[in-house]
Protein chains: 2
Amino acid sequence: MSANSRMTIAAHVLAWMWLNESRGGEVSTSERIADSVNTNPVVIRRLLGDLRRAGIVESRRGAGAGWTLARAPESVTLLDVYEAVTPGPLFAMHRAEPNQRCPVGFGIRPVMQGVYDGVEDALRAELARTTLTGVLRGILAAR
Amino acid sequence: MSANSRMTIAAHVLAWMWLNESRGGEVSTSERIADSVNTNPVVIRRLLGDLRRAGIVESRRGAGAGWTLARAPESVTLLDVYEAVTPGPLFAMHRAEPNQRCPVGFGIRPVMQGVYDGVEDALRAELARTTLTGVLRGILAAR
DNA sequence: CTTGAAGTAACTGTTGTTGTTACATTTATG
DNA sequence: CATAAATGTAACAACAACAGTTACTTCAAG
């Protein structure tokens, strides 16, 4: 599936930012975050751009600028993060339209759509159970 | 995510096979199935190969050969299909190991793994609620 | 022995992610 | 005002997965 690490990186970035802010560290820049994630700062900026569009973080430009959390960390769930960084649906329908003269080809798509809607609802409900606070609590418990 | 249509095609194929078998139609071949799905027979054979490895279908070779369901359709759930045709996990960890000297880089992975395990359990439970029988019932109700 | 179908290798085109360089834009500060 | 530091973004390459296709080998019924 070429599974996606964007969720993981986004959670890492947000947890890092919050820990940094709560400790009163220096401003959060893409370069400093990238050093913790071990990747390129542009990757971080692209991801933070998605999170900014979702209202989860804010950015300032210019010298001494950087990123800050836009919402209280206990109000940010992993569902918010998922919706911010995941583009499309989990499962796709046929690429080419199935044979409409076959009963299966004709009826399969609404049935599967209903199943997929239920699966995505379950996935969303599970992701909504964890907040950014919960993630950081788990991280700090590991020390 | 470049979402995956393999689940959809697999459910289509199995529903088609069962309808065909229950109507006493000609043997199910990859060519006839591909005509309903509107794709290439090799795509169907590859997918059926995965389903055969999972014990959901059986194949016979040689002239007049083809594919048959190996289990009662009411005992086959979409979870069985998902496990047969989906290779990896839904979410991935970091590609490169995060900075172990940073508390976040050190602790993030087990935390996210726990979250992802819960999400996959929820997804599995939801998929397990629908059987092949249920899929075909929905399809035939659409007519 | 012929025929029809599975099984599979190999290749192409498309798409998405990640990593990278480069550069324009913005803004605090000396 | 000039400089420095950081965002914002475009462009590109490497890589992987999926879908589609051609072509071939293997198998077994008749």
Side-chain angles (χ1 to χ4, degrees), chain A residues 1-10 12-13 17 20 25-35 37-53 57-68 70 82 84-98, chain B residues 1-10 12-13 17 20 26-35 37-53 57-68 70 84-98:
Chain A
M1 172 176 289
S2 132
N4 213 308
S5 65
R6 292 169 64 80
M7 265 297 283
T8 304
I9 307 299
H12 185 147
V13 167
M17 286 175 62
N20 186 52
E26 294 177 39
V27 63
S28 300
T29 66
S30 60
E31 186 151 358
R32 304 217 302 136
I33 300 170
D35 180 60
V37 175
N38 189 19
T39 184
N40 190 291
V42 174
V43 173
I44 302 298
R45 291 205 288 273
R46 278 197 293 235
L47 201 58
L48 281 167
D50 289 339
L51 295 171
R52 176 166 46 74
R53 259 161 247 127
V57 301
E58 288 170 349
S59 63
R60 286 199 353 266
R61 305 182 67 167
W67 303 82
T68 49
Y82 176 79
V85 304
T86 298
L90 215 49
F91 299 103
M93 290 297 137
H94 311 64
R95 287 201 172 176
E97 176 173 83
Chain B
M1 171 176 292
S2 138
N4 214 309
S5 65
R6 293 168 64 81
M7 265 298 283
T8 304
I9 307 299
H12 185 147
V13 166
M17 285 175 62
N20 185 54
E26 295 177 38
V27 64
S28 300
T29 65
S30 60
E31 186 151 357
R32 304 217 303 136
I33 300 171
D35 181 60
V37 175
N38 188 19
T39 185
N40 191 290
V42 174
V43 173
I44 302 299
R45 289 206 288 273
R46 278 197 293 234
L47 201 57
L48 281 168
D50 289 339
L51 295 172
R52 177 165 46 74
R53 259 162 247 127
V57 301
E58 288 170 349
S59 63
R60 286 201 350 267
R61 304 182 67 167
W67 303 82
T68 49
V85 305
T86 297
L90 214 49
F91 299 102
M93 290 297 139
H94 310 65
R95 288 203 171 175
E97 177 174 82

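Worth saying up front: this structure is predicted, and the values here are computed from it rather than measured. Convention: sequence-line order gives letters A, B, ...; per-chain numbering from 1.
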Interatomic distance, [X] [atom1] vs [N] [atom2] [rounded to whole Å]:
X: A:I33; N: D:dA6; atom1: CD1; atom2: P; result: 12 Å
X: B:I9; N: D:dA17; atom1: CD1; atom2: P; result: 20 Å
X: A:N38; N: C:dT20; atom1: CG; atom2: C1'; result: 15 Å

**Prompt:** How sharply is the helix from C:dC1-D:dG30 to C:dG30-D:dC1 bent, taking the axes over five pairs at either end and rounding to 10 degrees?
**Reply:**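 One end's axis against the other's: 10°.
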**Message:** Using OP1 and OP2 only, check whether a side-chain N or O of B:N4 sits under 4.0 Å from D:dC18.
**Reply:**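 True: B:N4 side-chain N/O within range (under 4.0 Å) of D:dC18 OP1/OP2.
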Can you list everything that forms a side chain to side chain contact (heavy atoms under 4.5 Å, CB included) with [X]? Sequence neighbours excluded, please.
X: A:D35; answer: B:N99
X: B:R46; answer: B:V42, B:V43
X: B:R61; answer: none

**Item:** Partners passing salt bridge (Lys or Arg N to Asp or Glu O under 4.0 Å) against A:R6 (at least two apart in sequence or in another chain)
**Value:**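 Here the qualifying residues are A:D50.
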**Asked** In chain order, what residues pass the salt bridge (Lys or Arg N to Asp or Glu O under 4.0 Å) check against B:E26, with sequence neighbours excluded?
**Response**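 Here no residue qualifies.
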**Item:** Nearest heavy atoms of B:L48 and B:V57, plus distance in Å
**Value:**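 Heavy-atom minimum between the residues: O-CG2, 3.7 Å.
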**Message:** Once you apply a heavy-atom cut-off of 4.0 Å, does B:R32 come out as touching a base, just sugar-phosphate, or nothing?
**Reply:**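 B:R32: no heavy atom of the nucleic acid under 4.0 Å.
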**Item:** Residue whose nearest DNA chain C nucleotide is more 5′ - B:S28 or B:A96
**Value:**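 Its nearest nucleotide being more 5', the pick is B:S28.
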**Request:** Could you check B:G66 against A:R6 and say which one's nearest nucleotide on DNA chain C is further toward the 5' end?
**Result:**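 The 5'-side residue here is B:G66.
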**Prompt:** Of the residues in residues 39-48 of chain A, which ones touch DNA chain D at a heavy-atom distance under 4.0 Å?
**Reply:**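 Those residues whose heavy atoms fall under 4.0 Å from DNA chain D, taken from residues 39-48 of chain A in numerical order, are A:V42, A:R45, A:R46.
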**Sidechain-backbone polar pair: B:N38 side chain, A:E97 backbone, donor-acceptor under 3.5 Å** =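 Flag set: sc B:N38 to bb A:E97 pair under 3.5 Å.
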**Prompt:** Is there a donor-acceptor pair closer than 3.5 Å between any side-chain N or O of B:T8 and the backbone N or O of A:A92?
**Reply:**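 Indeed, once roles are kept as given, a pair shorter than 3.5 Å links the two residues.
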**Message:** By nearest heavy atom, map A:W67 and B:R61 onto DNA chain D; which one lands nearer the 5' end?
**Reply:**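 Of the two residues, A:W67 wins.
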**Message:** So if I apply the side-chain contact (heavy atoms from CB on, under 4.5 Å) rule between A:W67 and each of A:E58, A:R52, A:R60, which one comes out positive?
**Reply:**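 Answer after filtering A:E58, A:R52, A:R60: A:R52.
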